[in-house]
Structures are given as structure tokens and as C-alpha cells.
Amino acid sequence: MQIDWRATFGPALTVTTAGIALVTDHLLLTFSNPAPLFVCIVALAASLSGLRSSLVSAALAVAASALILSARGVPLSSSSDLTRLGLLAVAAGGTAVLTGLLRQRLVDTLAWERRHHATAERLSAALDQVDIGIVLLDSDTRAEFINRAFRDYFALPDEKADSKPPFIALMYHGRDTGAWEMPEEELSAFIAERTEMMRAGDSTPINLNLRDGQVLRFSCTALPDGGRMLSYTPVTDLVRHTDDPSRADYFRAMRGKRLLGPFTDQRAAE
């Protein structure tokens, strides 16, 4: 049977300290009161193993102190010695309870954080399997999470995605890589409008045309903590399947004339 050394360390150290005190007191005839040391051992036992081990150590400490007084020939019936033992019992017991409860709270908190982290890891892995681009922004509009689909759509390197870039940096990355299907003179207004909509938490779906021919339906959801969840759903088949390739120039011209510019649906342009 495997022995938990943490549970036995405190009581064993208490007994060892008491034995050393008894031997030293017998040989040297004088030895200072080990009560403060016993209290420290109780605290150590509670931090290592919890309340049960520390209470055992506290009981052993009181018993050892009584034994040391008896070995010195001091009658335990005297009020001063009984008061000393009582104070040691209160100090050791209080230390055991407080330290044990604090340790238990810390253990529970760590266990909750492990479960929370495991859940977050599973959710992150699941979101990396979908073809919808997902970006989670904090209240300062920095990207706390960017899934694999978004990285692939916009050719976003992992090191940049993992550095928690601000939303505006993601927009400039799309501009620099030529991700958007629109003239360069429209990009500044496009980025400014997208940023304003995101900050306002506007949930109106918008179709975004990429230079490689894909169409993503963008949606922004305001979160309770002030953050944002951005989703980029591929709708290329729904939008492009009725487009007439011979009218591509016409669609591009119409996109520049409409109020929402690059945000309009290609089918609505017809």
C-alpha cells in the first residue's frame, strides 16, 4: 500500500521534534519551550496535506509539550502550566483550521481553473474544425482568440494571430495582403466603417468579397463583458452561383456607387 508522505510528514516531524526536545532537555538540563516550533510544524502540515494532518500534528504537539513538562518534574496541575498548554492547544488548533481551510480553498480554485482551462482548450479545438472564421475581441478590441478558418481566409500567420493583435491591425493586415476585392482608394473608408460598426456592436450581417473569389458574411455580436465576437461565414455558393461572369465589371462599378459600397450583396446589385 502506497503511503502519502504529505499526510505523514507533519505528525512525524512533530514526534521527531518532541523526541529531540526530550533528549536535549535531559542531557543539557535546560531547553527552551518548543511550542512556537510546534505551531510552525502544524502550519506546515496543513499546507502540505490539509486539515486532518494538521489537527493530528496539533494534538501531538500538545501531548508532547505535556510530556516535556512532566519530564522536568513540573506538576501539570499548576494553573500556569495548564494555561500554557491551553494556549498552545488554541494556537495549534487555530493554525491547523485556518491554514487547512485556506489550503482547501486554494486547491478548489486550482481545480476549477484546470476544468475551466480544459473546457476552453476543447472549445478552441472545436472552433478550429469549423469553416466559419471566429474572432473574439476583449473590451479593448484586442483579439483573444482567432480560429483556424479566419487565419486561412486572410493568410494570417500564427505568430501574429497568437500575439493578440488589435482589430485594426487585422484590418490593416487584410489591406497589406490584398485580401479584399475592391479598389485601393476604397480601402481606407472600408476599414474606418468596419471599425466603427464593430465598436458600436452593430449586428447587421454584411457580405465581404475576397480577392480570391470567396464571399464571407460578416456578423458582430456584442458580449456582456464589453468584448465582441466576430464571425465570417462562407456564403460563396449562395451569393456567387447566379452571377454572370460576363457582367463582373458591371458589378464592380455598381458596388462603388451604392451607399454601403463593398458591403452590399452581389445579388442585390442586380
Side-chain angles (χ1 to χ4, degrees), residues 50 102-182 187 190-241 260 262-263 265-266:
L102 288 174
R103 180 185 184 277
Q104 186 60 47
R105 182 174 181 179
L106 177 61
V107 169
D108 293 342
T109 301
L110 291 176
W112 180 87
E113 289 181 350
R114 291 192 194 98
R115 292 193 299 269
H116 181 73
H117 181 72
T119 301
E121 288 291 333
R122 289 195 296 269
L123 180 59
S124 175
L127 291 178
D128 276 337
Q129 302 303 314
V130 301
D131 62 351
I132 301 175
I134 300 292
V135 178
L136 296 179
L137 305 177
D138 61 16
S139 58
D140 295 325
T141 73
R142 300 190 71 88
E144 292 187 320
F145 171 78
I146 302 176
N147 77 334
R148 180 54 53 188
F150 182 93
R151 303 183 190 202
D152 293 341
Y153 288 139
F154 296 97
L156 184 66
D158 289 341
E159 57 272 15
K160 188 170 185 177
D162 295 335
S163 66
K164 296 185 177 182
F167 175 76
I168 191 67
L170 297 178
M171 295 297 298
Y172 284 138
H173 172 79
R175 180 201 64 181
D176 296 339
T177 57
W180 314 109
E181 184 189 14
M182 66 182 65
L187 285 173
F190 169 75
I191 293 175
E193 188 170 358
R194 284 283 312 282
T195 303
E196 182 180 354
M197 293 180 64
M198 179 276 300
R199 291 186 181 278
D202 190 341
S203 60
T204 304
I206 298 172
N207 285 354
L208 305 177
N209 302 318
L210 302 186
R211 191 170 296 278
D212 61 3
Q214 296 189 85
V215 181
L216 302 178
R217 181 158 294 168
F218 168 80
S219 179
C220 175
T221 302
L223 303 178
D225 62 353
R228 299 288 186 267
M229 183 181 76
L230 312 180
S231 63
Y232 298 78
T233 306
V235 293
T236 307
D237 293 340
L238 298 176
V239 175
R240 301 265 191 197
H241 76 285
L260 293 180
F263 302 135
D265 194 317
Q266 293 280 12

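All values below come from the heavy atoms of this structure, side chains included, with hydrogens, waters and symmetry mates left out. If you're wondering where the values come from, they're calculated on a predicted model, not measured in any experiment. Note that the numbering runs from 1 along the sequence shown for the chain.
Listed by first and then second residue, the salt bridge (Lys or Arg N to Asp or Glu O under 4.0 Å) pairs that reach into residues 161-175 are Arg151-Asp162, sequence neighbours excluded. Residue pairs that meet the salt bridge (Lys or Arg N to Asp or Glu O under 4.0 Å) test with at least one member in residues 107-123, sequence neighbours left out, do not exist here.
Rounding to the nearest 0.5 angstrom, the gap separating the CG atom in Asp131 from the OG1 atom in Thr233 is 8.0 Å. Atom OG1 of Thr109 is separated from atom NE2 of His116 by 13.0 Å, given to the nearest 0.5 angstrom. The CG atom of Leu230 sits 4.5 Å away from the CG atom of Leu137 when rounded to the nearest 0.5 Å. From Asp152, atom CG reaches atom CD of Gln214 across 9.5 Å, with rounding to the nearest 0.5 Å. Atom CE in Met229 sits 7.0 Å away from atom OG in Ser219 (nearest 0.5 Å). In this structure, CG on Asp202 lies 9.5 Å from CD on Glu193, to the nearest 0.5 angstrom.
Ring orientation note: the planes of Phe150 and Phe154 are tilted relative to one another, at an angle of 30° to 60°.
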How far apart are the C-alpha atoms of Ile132 and Leu127, what are their side-chain angles, what is the distance that settles it, and do they pass the side-chain contact (heavy atoms from CB on, under 4.5 Å) test? CA-CA 8 Å; Ile132 301 175; Leu127 291 178; over 6 Å; no
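A donor-acceptor pair is defined here as one N or O able to donate and one able to accept, closer than 3.5 Å; such a pair exists between the side chain of Arg211 and the backbone of Gly178. Of the possible polar contacts, none joining the Asn147 side chain to the Val135 backbone as a donor-acceptor pair under 3.5 Å is found. Of the possible donor and acceptor atoms, one in the side chain of Arg228 sits under 3.5 Å from a partner among the backbone N and O of Met198. Under the 3.5 Å distance criterion, the side-chain polar atoms of Arg199 are left unmatched by any main-chain donor or acceptor of Met197. Judged purely by atom type and a 3.5 angstrom limit, Asp140 has no side-chain atom pairing as donor or acceptor with the backbone of Arg142.
Counting heavy atoms from C-beta on, the side chains of Leu208 and Phe190 come closer than 4.5 Å. Looking only at side-chain heavy atoms (C-beta outward), Val215 and Leu210 stay at 4.5 Å or farther from each other. The closest side-chain heavy-atom distance from Ser231 to Phe218 is not below 4.5 Å.
Ring to ring, Tyr153 and Tyr232 are not that close: their centroids are 6.0 angstrom or more apart.
By the side chain to side chain contact (heavy atoms under 4.5 Å, CB included) test, Pro157 pairs with Glu159, Lys160, His173, sequence neighbours left out.
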